[in-house]
Amino acid sequence: QVQLVESGGGLVQAGGSLRLSCTASGLTLSYYQMAWFRQAPGKEREFVAVIAWSGGTTYYADSVKGRFTISRDNARSMVYLQMDNLKPEETAVYYCAARYRMSSKAPAEYDYWGQGTQVTVSS
């Protein structure tokens, strides 16, 4: 059984930081690209960042470049998203997702999803 479990969300003031974690189980981790998406109230789910378990290649949405960092720890089967200088408009549910082999920024192309963790940024 494949499971992706997010944690680390919470309430933070604008300009603050949070570190999200995603624990993966039930799959061969090196075969999957891992990504973070978010969905704000009244908006579509959007791509945030992706990292390859093999190779280490990363890509970021333009809106978060320079402020967010995606990383991985293969030995611990975990993926992280360090978020710095958060903005109120980034209040959303943040999701961890996995896609077999090929990297993608499209939510519909991902195979597995976590339940999400709420991030709330106050002004």
Side-chain angles (χ1 to χ4, degrees):
Q1 181 179 355
V2 175
Q3 285 194 86
L4 303 177
V5 180
E6 304 94 336
S7 62
L11 176 63
V12 64
Q13 291 187 329
S17 299
L18 285 173
R19 190 193 192 202
L20 305 183
S21 298
C22 174
T23 301
S25 62
L27 49 71
T28 302
L29 298 177
S30 63
Y31 290 174
Y32 288 84
Q33 313 299 314
M34 303 298 297
W36 289 96
F37 293 81
R38 65 188 178 191
Q39 188 163 23
K43 297 184 179 180
E44 298 179 3
R45 188 167 298 185
E46 66 174 344
F47 167 79
V48 176
V50 62
I51 186 168
W53 282 90
S54 298
T57 301
T58 61
Y59 297 94
Y60 296 90
D62 289 342
S63 62
V64 307
K65 286 181 179 178
R67 297 186 298 114
F68 289 14
T69 304
I70 188 170
S71 61
R72 70 189 186 201
D73 187 337
N74 290 334
R76 298 180 180 179
S77 299
M78 298 191 72
V79 181
Y80 306 96
L81 184 68
Q82 177 67 41
M83 305 185 293
D84 296 326
N85 194 22
L86 283 159
K87 303 174 181 180
E89 58 265 36
E90 293 176 317
T91 293
V93 176
Y94 284 70
Y95 297 91
C96 179
R99 183 173 188 261
Y100 183 66
R101 288 196 174 187
M102 298 179 67
S103 183
S104 176
K105 300 177 183 179
E109 296 183 359
Y110 278 76
D111 301 305
Y112 304 106
W113 292 85
Q115 65 182 0
T117 184
Q118 177 67 47
V119 171
T120 302
V121 186
S122 62
S123 59

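Not counting sequence neighbours, the partners of Tyr110 by the ring pair (Phe, Tyr, Trp, His ring centres under 6.0 Å) test are Phe37. Among residues two or more places apart in sequence or in another chain, the side chain to side chain contact (heavy atoms under 4.5 Å, CB included) test is passed with Arg19 by Tyr80, Gln82.
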*Would you sort out whether Val119 and Arg38 count as a side-chain contact (heavy atoms from CB on, under 4.5 Å), showing the intermediate values?*
CA-CA 9 Å; Val119 171; Arg38 65 188 178 191; over 6 Å; no
*Using the side-chain contact (heavy atoms from CB on, under 4.5 Å) rule, take Glu90 and Met83 through it: C-alpha gap first, then chi angles, then the decisive distance, then the call.*
CA-CA 10 Å; Glu90 293 176 317; Met83 305 185 293; over 6 Å; no
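Phe68 and Val50 fall into different hydrophobic clusters, where Ile, Leu, Val, Met, Phe, Trp and Tyr residues are linked whenever their side-chain heavy atoms come under 4.5 Å apart, directly or through other members. Linking ILVMFWY residues whenever their side-chain heavy atoms come closer than 4.5 Å, directly or via other members, leaves Tyr95 and Leu20 in distinct clusters. Taking hydrophobic clusters as Ile, Leu, Val, Met, Phe, Trp and Tyr residues chained together by side-chain heavy-atom distances below 4.5 Å, Tyr112 shares a cluster with Tyr31. No path of Ile, Leu, Val, Met, Phe, Trp and Tyr side chains, each step under 4.5 Å between heavy atoms, connects Leu81 with Tyr59, placing them in separate hydrophobic clusters. The hydrophobic clustering, which links ILVMFWY residues whose side-chain heavy atoms are closer than 4.5 Å, places Tyr32 and Val2 together.
You'll find the side chain of Trp113 reaches within 4.5 Å of the side chain of Arg45, heavy atoms only. Side-chain contact between Leu27 and Tyr100 is absent, with no heavy-atom pair separated by less than 4.5 Å. For the pair Ser7/Thr117, no side-chain contact is recorded, criterion being any heavy-atom separation below 4.5 Å from C-beta on.
Distance alone, capped at 3.5 Å, is enough to place a donor-acceptor pair between the Thr91 side chain and the Val121 backbone. Using a distance-only test at 3.5 Å, with no hydrogens or angles considered, no donor-acceptor pair links the side chain of Tyr60 to the main chain of Gly66. Side-chain atoms of Glu6 come within 3.5 Å of backbone N or O of Gly116 as a donor-acceptor pair.
With rounding to the nearest 0.5 angstrom, the OG1 atom of Thr23 is 10.0 Å from the CD atom of Gln3. Between the OG atom of Ser63 and the CD atom of Glu89 there is a distance of 9.0 Å, given to the nearest 0.5 Å.
Summarising the geometry of Ala14 relative to Ser123, their closest heavy-atom pair is CB-CA, 4.3 Å, with the distance given to 0.1 Å. Shortest non-hydrogen contact noted between Gln118 and Ala92 is NE2-O, 3.3 Å. Across all non-hydrogen atoms, the minimal contact from Asn85 to Gly15 is OD1-CA, 3.5 Å. Val64 and Val48 make their closest contact through CG2-O, 3.7 Å (heavy atoms, listed as atom of the first residue, atom of the second, distance). Closest heavy-atom contact between Ser104 and Glu109: OG-OE1, 2.7 Å. Listed here is the closest heavy atom pair of Leu4 and Ala24: CD2-CB, 3.6 Å.
The number of heavy-atom neighbours closer than 6.0 Å to CD of Gln115, taken from other residues, nucleotides and ligands shown, is 12 or below.
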